[in-house]
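Not measured: the values here are computed from a predicted model.
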Amino acid sequence: MTRLNKYFSIAANLGILAGLVLVLLQMRQNEALLRITLLNQYNDSYIATETAVAGESLAEIWAKSFEHPTELTLAEMRAMEAQTFAPVLRWSSLYRLQQAGIIDDSVWRSEIDSDAFFYFSSPYTRAWWETNSPQLHSSVLPPGVRAYVDKRLNAATGTVWDNFKEIQERIGRSEPPVPVIRKRRSPG
């Protein structure tokens with residue numbers, strides 16, 4: 001019986017040791033997740049601030065960044081920078097979540113696939129990216145994100161402005177819709 005008690009005691013101690021190791025691993029995982037969460041919350045607050053800086057006339061400034069990019073004032077360039085930097089922070093946040101194993105690799109890549117062309121196709125925003133992306137610290141713009149954005153921008157042809165012009169051309173070629181007039185029923 002003492003031999004059986006000895007084996008039960010060893011098994012119980014190994015179980016306790018395994019439990020402690022699992023708790024330690026869980027604590028490390030929670031610490032990493034908390035760090036990422038805090039960094040993403042900081043990025044969210046930064047994005048909110050940048051959105052406020054962009055102001056109410058961003059649409060006009062954005063159009064000017066295509067039509068007359070060399071005529072942007074310093075204030076307009078700052079508004080464009082605010083609008084341009086926000087997706088970089090979003091992509092970096094998604095990348096960090098993927099690095100922590102929380103989301104799939106395809107999530108941050110698909111966001112870049114759908115957004116990079118829009119945000120970086122004007123002459124101003126392309127120059128902004130080429131000037132600033134190499135200077136951004138890896139904690140702000142991880143090298144994997146930078147490389148993927150570069151790849152997408154190098155593969156892109158045309159601009160968002162070209163897409164809008166094509167839409168206008170299609171509108172001009174199409175027949176206007178014929179209004180349908182419906183008769184009102186008389187109450188009765």
Side-chain angles (χ1 to χ4, degrees), residues 1-56 58 62 77-122 124-157 160 163:
M1 196 64 144
T2 59
R3 188 174 240 186
L4 187 59
N5 285 341
K6 185 177 177 181
Y7 288 130
F8 280 136
S9 178
I10 290 172
N13 287 336
L14 287 175
I16 291 170
L17 183 60
L20 288 174
V21 168
L22 289 174
V23 168
L24 181 63
L25 290 174
Q26 183 69 40
M27 287 175 58
R28 285 191 176 172
Q29 204 172 33
N30 287 344
E31 179 187 342
L33 181 58
L34 178 61
R35 199 175 301 125
I36 289 169
T37 301
L38 292 173
L39 185 56
N40 287 348
Q41 285 175 346
Y42 171 78
N43 284 347
D44 288 345
S45 70
Y46 199 93
I47 290 169
T49 301
E50 290 296 292
T51 301
V53 167
E56 294 179 11
L58 183 59
W62 180 83
M77 290 171 69
R78 179 61 185 102
M80 283 300 299
E81 179 178 58
Q83 193 255 354
T84 303
F85 195 55
V88 172
L89 291 176
R90 278 197 336 267
W91 300 334
S92 296
S93 294
L94 289 172
Y95 181 82
R96 283 188 204 87
L97 290 173
Q98 180 269 323
Q99 293 290 301
I102 297 169
I103 62 172
D104 186 71
D105 185 56
S106 65
V107 175
W108 68 268
R109 290 179 186 274
S110 67
E111 286 296 312
I112 291 172
D113 290 345
S114 63
D115 288 350
F117 179 73
F118 178 80
Y119 284 106
F120 294 105
S121 72
S122 79
Y124 173 81
T125 55
R126 188 60 68 99
W128 183 94
W129 177 258
E130 292 169 359
T131 301
N132 291 301
S133 70
Q135 299 175 26
L136 293 174
H137 191 273
S138 62
S139 65
V140 175
L141 180 61
V145 174
R146 178 183 297 126
Y148 195 71
V149 172
D150 283 338
K151 177 182 170 187
R152 298 302 298 160
L153 293 178
N154 290 334
T157 58
V160 171
N163 288 353

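- The two residues Phe118 and Val160 have their closest heavy-atom pair at CA-CG2, 3.4 Å.
- Here the closest non-hydrogen pair linking Gly144 and Tyr95 is CA-OH, 4.1 Å.
- How far CG of Leu94 is from CG of Asp104: 11.5 Å, rounded to the nearest 0.5 Å.
- Of all heavy-atom pairs spanning Gln83 and Trp62, the tightest one is OE1-CD1, 4.3 Å.
- Heavy atoms only, all atoms of each residue included: Arg90 and Asp115 are closest at NH2-OD2, 2.7 Å.
- The only option from Ile112, Leu136, Val140 that meets the side-chain contact (heavy atoms from CB on, under 4.5 Å) definition with Val145 turns out to be Ile112.
- No donor-acceptor distance shorter than 3.5 angstrom exists from the side chain of Ser133 to the backbone of Glu130, with no hydrogens or angles considered.
- Here the side chain of Ser92 pairs a donor or acceptor atom with the backbone of Val88 at under 3.5 angstrom.
- Shortest non-hydrogen contact noted between Phe120 and Arg126 is O-NE, 2.9 Å.
- Distance CD/Glu111 to OG/Ser106: 10.0 Å, rounded to 0.5 Å.
- Annotation: ring-ring contact (aromatic ring centres under 6.0 Å, His included) contacts of Trp128 (sequence neighbours excluded): none.
- Aromatic ring pairs are classed by plane angle as parallel below 30°, tilted from 30° to 60° and perpendicular above 60°; the pair Tyr119 and Trp91 is perpendicular.
- Every residue two or more places apart in sequence or in another chain was checked for a ring-ring contact (aromatic ring centres under 6.0 Å, His included) with Tyr124, and none qualifies.
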- prompt: Are Asp105 and Trp108 close enough, and set up right, to give a side chain to side chain donor-acceptor pair (under 3.5 Å), and what steps lead you there?
  reply: CA-CA 6 Å; Asp105 185 56; Trp108 68 268; 2.9 Å; yes
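- In this structure, CZ on Phe85 lies 15.0 Å from OG1 on Thr125, to the nearest 0.5 angstrom.
- Scanning for side chain to side chain contact (heavy atoms under 4.5 Å, CB included) contacts around Ile10 gives Lys6, Leu14, with sequence neighbours left out.
- Atom-to-atom distance recorded for Gln135:CD and Leu141:CG is 11.5 Å, nearest 0.5 angstrom.
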